[in-house]
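Residue numbers run from 1 in the order of the sequence given. As the structure is a prediction and not an experimental result, all values here were calculated from the model.
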Amino acid sequence: LPTTTYELEIVAKDMAGSEVGLTGTATATITITDKNDHAPEFTHPLFEARVHEGSRGVVVNLTVDDRDDPATGAWRALYSIISGDPKQSFEVQTNPDNNEGMLSVVKPLDYETTAFHTLLIRVENEDPLVPDVGYGPSSTATVHVTVEDINEGPVFFPDPLLVTRMENVPVGSFVASLNASDPDVLEIQSIRYAVLSDPAAWLSVNPVRGTVNTSASLDRESPYVHANKYTALFVATDNGTPPATGTGTLIIHLEDYNDNAPFVVPSVAQVCEDAGDMNVAVVAGRDKDLAPNAAPFKIELGKQPGLDKTWRVTRINSTHSQIMLLQSLKKANYQLPLLITDSGVPPLSNSTEVKVQVCICTKTKRYCSSAHSHRTSLVVLLSTLLLVRLCEYSRPADLTLTCWCR
């Protein structure tokens, strides 16, 4: 019964209602409010819905009748799922505009697991029913939900796939075996594999077996490797209609191989011609490889004869060494040959040079030789007096170094 309002006009007279008596009037308003004396009832005992597996959203609207006053607690409906939803894949919400129940899929359904769901739905009002009215059979309804099959893409397991391999293994070496399965277990479908992303172009995959092999040398020091890990993506495609794909990740942890020779830094050092301190520079060893293929380094003079009469290299620690002059040199640029060796098994060595600039120094400025001169050998130096002058060598031992003339 809708809310109804009555207005009554009340007249009062004295003198027992005599015409000569006085009168007074008043208005009385009487509002009759609705009570929840009608239970909501579904318009149909059975509702049906169809939904594609893997999808979400509203699948059917449930309609009810309620003879109580609209837009009141006695009319507004509350829906609940009584049975048929053990995994809580569905929910029902009330449409505030028309009081219908909107049945939705909130967790994607799998056709291969269960193709048909039967739900029992109950409807109640926000306000309780009056004592002598109860909810009857029409306050429940059955919903049949049919799950329709779609072609799902293959799924990789595990994803990502983690493997550990040594860098520099021969081309064609086995890396990993991909495993992708088709969720459409009720159908017989084949799967083919392909490379989706291989930034360094190091890998190949067998399209049928899914085995991954090297097609180029793996390099841990490559810019495509981050934190010793190389990441590649692969795609698996089934032969369904239409075909469906899935993507998997392969992460290769690369172990270090001693394939990088060490080097010395800095490559240039300066010392004053009349310096009392004969320490030229502290040099450090560097290596792109990891321990134990890097430090400790052995830094020593090159193999040219006579170097040890002018120069000395003394180890400071596992990575640094001190270059010292044993006698003064004239202003010039000297290329000091060094040999650095790492600790790998087998070790790698590198013959390198440090340019030592012997400069004339004042309190405010250093005057060093330019670098635009000819390199010359020991034989030419010994046989050509003019070149000896230009280079200003004072002792034959100095001539064991290659000189940059002023």
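- Every residue two or more places apart in sequence or in another chain that forms a side chain to side chain contact (heavy atoms under 4.5 Å, CB included) with Ala180 is listed here: Pro154, Phe156, Tyr193, Ala236.
- Looking only at side-chain heavy atoms (C-beta outward), Pro296 and Ser343 come within less than 4.5 Å of each other.
- Distance alone, capped at 3.5 Å, places no donor-acceptor pair between the Arg286 side chain and the Phe263 backbone.
- Applying the salt bridge (Lys or Arg N to Asp or Glu O under 4.0 Å) test to pairs two or more places apart or on separate chains, none has a residue in residues 236-246.
- Separation of atoms SG (Cys359) and CG (Leu329) is listed at 11.5 Å; rounding is to 0.5 Å.
- In this structure, the side chains of Leu178 and Val212 come closer than 4.5 Å at one or more pairs of heavy atoms.
- With hydrogens and angles left out, the side-chain atoms of Ser204 and Asn213 include no donor and acceptor closer than 3.5 Å.
- Judged by distance alone, the side chain of Glu167 and the main-chain N or O of Tyr257 form a donor-acceptor pair under 3.5 Å.
- The aromatic rings of Phe42 and Phe47 sit perpendicular to each other, their planes meeting at more than 60°, with 30° as the lower class boundary.
- No more than 12 heavy atoms of other residues, nucleotides or ligands sit less than 6.0 Å from atom CZ of Arg312.
- Using a distance-only test at 3.5 Å, with no hydrogens or angles considered, no donor-acceptor pair links the side chain of Thr23 to the main chain of Lys13.
- Take Thr314 and apply the side chain to side chain donor-acceptor pair (under 3.5 Å) test, not counting sequence neighbours, and it matches no residue.
- Side-chain contact between Leu233 and Val195 is absent, with no heavy atoms from C-beta onward closer than 4.5 Å.
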Could you walk me through whether Arg50 and Glu148 satisfy the salt bridge (Lys or Arg N to Asp or Glu O under 4.0 Å) test, starting with their C-alpha distance in whole Å, then the side-chain angles of each, then the deciding distance to 0.1 Å, before giving a yes or no? CA-CA 7 Å; Arg50 306 184 73 87; Glu148 297 181 339; 2.7 Å; yes

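- Judged as a side chain to side chain contact (heavy atoms under 4.5 Å, CB included), and not counting sequence neighbours, the contacts of Val106 are Glu91.
- Asn61 pairs by the side chain to side chain contact (heavy atoms under 4.5 Å, CB included) definition with Val58, Glu100, Met102, not counting sequence neighbours.
- Considering all non-hydrogen atoms of both residues, Thr319 and Ala295 come closest at CG2-CB, 3.7 Å.
- Side-chain contact check for Thr214 versus Trp202: every heavy-atom pair is 4.5 Å or farther apart.
- Between Arg165 and Phe174 the shortest side-chain heavy-atom distance falls below 4.5 Å.
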Show the numbers, then the answer: is there a side chain to side chain contact (heavy atoms under 4.5 Å, CB included) between Leu338 and Ile323? CA-CA 10 Å; Leu338 295 177; Ile323 297 177; 4.1 Å; yes

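- Here Arg315 pairs with nothing under the side chain to side chain donor-acceptor pair (under 3.5 Å) rule; sequence neighbours left out.
- The side chain to side chain donor-acceptor pair (under 3.5 Å) check on Asn258 picks up Asp342, with sequence neighbours excluded.
- With rounding to the nearest 0.5 Å, the separation of CG in Asn333 from SG in Cys368 is 7.5 Å.
- For Tyr135, the OH atom sits in a packed shell: over 12 heavy atoms of surrounding residues, nucleotides or ligands are nearer than 6.0 Å.
- The OG1 atom of Thr352 sits 9.5 Å away from the CG atom of Leu336 when rounded to the nearest 0.5 Å.
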Can you check side chain to side chain contact (heavy atoms under 4.5 Å, CB included) on Tyr334 and Val354, steps first, answer last? CA-CA 8 Å; Tyr334 301 87; Val354 173; over 6 Å; no

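- At least one donor-acceptor pair closer than 3.5 Å links the side chain of Asp14 to the backbone N or O of Leu22.
- Between Ile316 atom CD1 and Gln322 atom CD the span is 5.0 Å, to the nearest 0.5 Å.
- Between Phe90 and His117, the distance from one ring center to the other falls under 6.0 angstrom.
- Residue Val143 forms a side chain to side chain contact (heavy atoms under 4.5 Å, CB included) with just one option from Thr118, Leu120, Val60, Leu46, and that option is Val60.
- Not a single donor-acceptor pair under 3.5 Å links the side chain of Asp37 to the backbone N or O of Val130.
- The OG atom of Ser369 lies 8.0 Å from the CD1 atom of Ile360; values are rounded to the nearest 0.5 Å.
- Within the structure, salt bridge (Lys or Arg N to Asp or Glu O under 4.0 Å) contacts touching residues 214-223 (residues at least two apart or in different chains) are Arg220-Asp256.
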Show me the donor-acceptor pairs, under 3.5 Å and distance only, between side chains in residues 239-255 and residues at least two apart or in other chains.
from	atom 1	to	atom 2	distance (Å)
Asn239	OD1	Ser190	N	3.1
Asn239	ND2	Ser190	OG	3.3

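- Under the side chain to side chain donor-acceptor pair (under 3.5 Å) criterion, Asp110 pairs with Thr113, sequence neighbours left out.
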I'd like to know whether Trp311 forms a side chain to side chain contact (heavy atoms under 4.5 Å, CB included) with Leu325, so could you lay out the CA-CA distance, the side-chain angles of the two residues, the decisive distance to 0.1 Å, and finally the verdict. CA-CA 5 Å; Trp311 306 89; Leu325 267 172; 3.6 Å; yes

Please list every donor-acceptor pair under 3.5 Å in which a side-chain atom of residues 74-84 meets a protein atom from a residue at least two apart or in another chain.
from	atom 1	to	atom 2	distance (Å)
Arg76	NE	Glu126	OE1	3.1
Arg76	NE	Glu126	OE2	3.2
Arg76	NH1	Ala71	O	2.9
Arg76	NH2	Glu126	OE1	3.4
Tyr79	OH	Asn99	O	2.7
Tyr79	OH	Gly101	N	3.2

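- Between Asp308 atom CG and Glu300 atom CD the span is 12.0 Å, to the nearest 0.5 Å.
- Residue pairs meeting the disulfide bond (SG atoms under 2.5 Å apart) criterion with at least one partner in residues 232-305, sequence neighbours excluded, are Cys272-Cys361.
- Using a 4.5 Å cut-off on side-chain heavy atoms (C-beta onward), Val51 and Thr146 make no contact.
- A heavy-atom distance below 4.5 Å is found between the side chains of Asp149 and Glu112.
- Side chains of Leu326 and Met278 form no contact here, defined as non-hydrogen atoms less than 4.5 Å apart.
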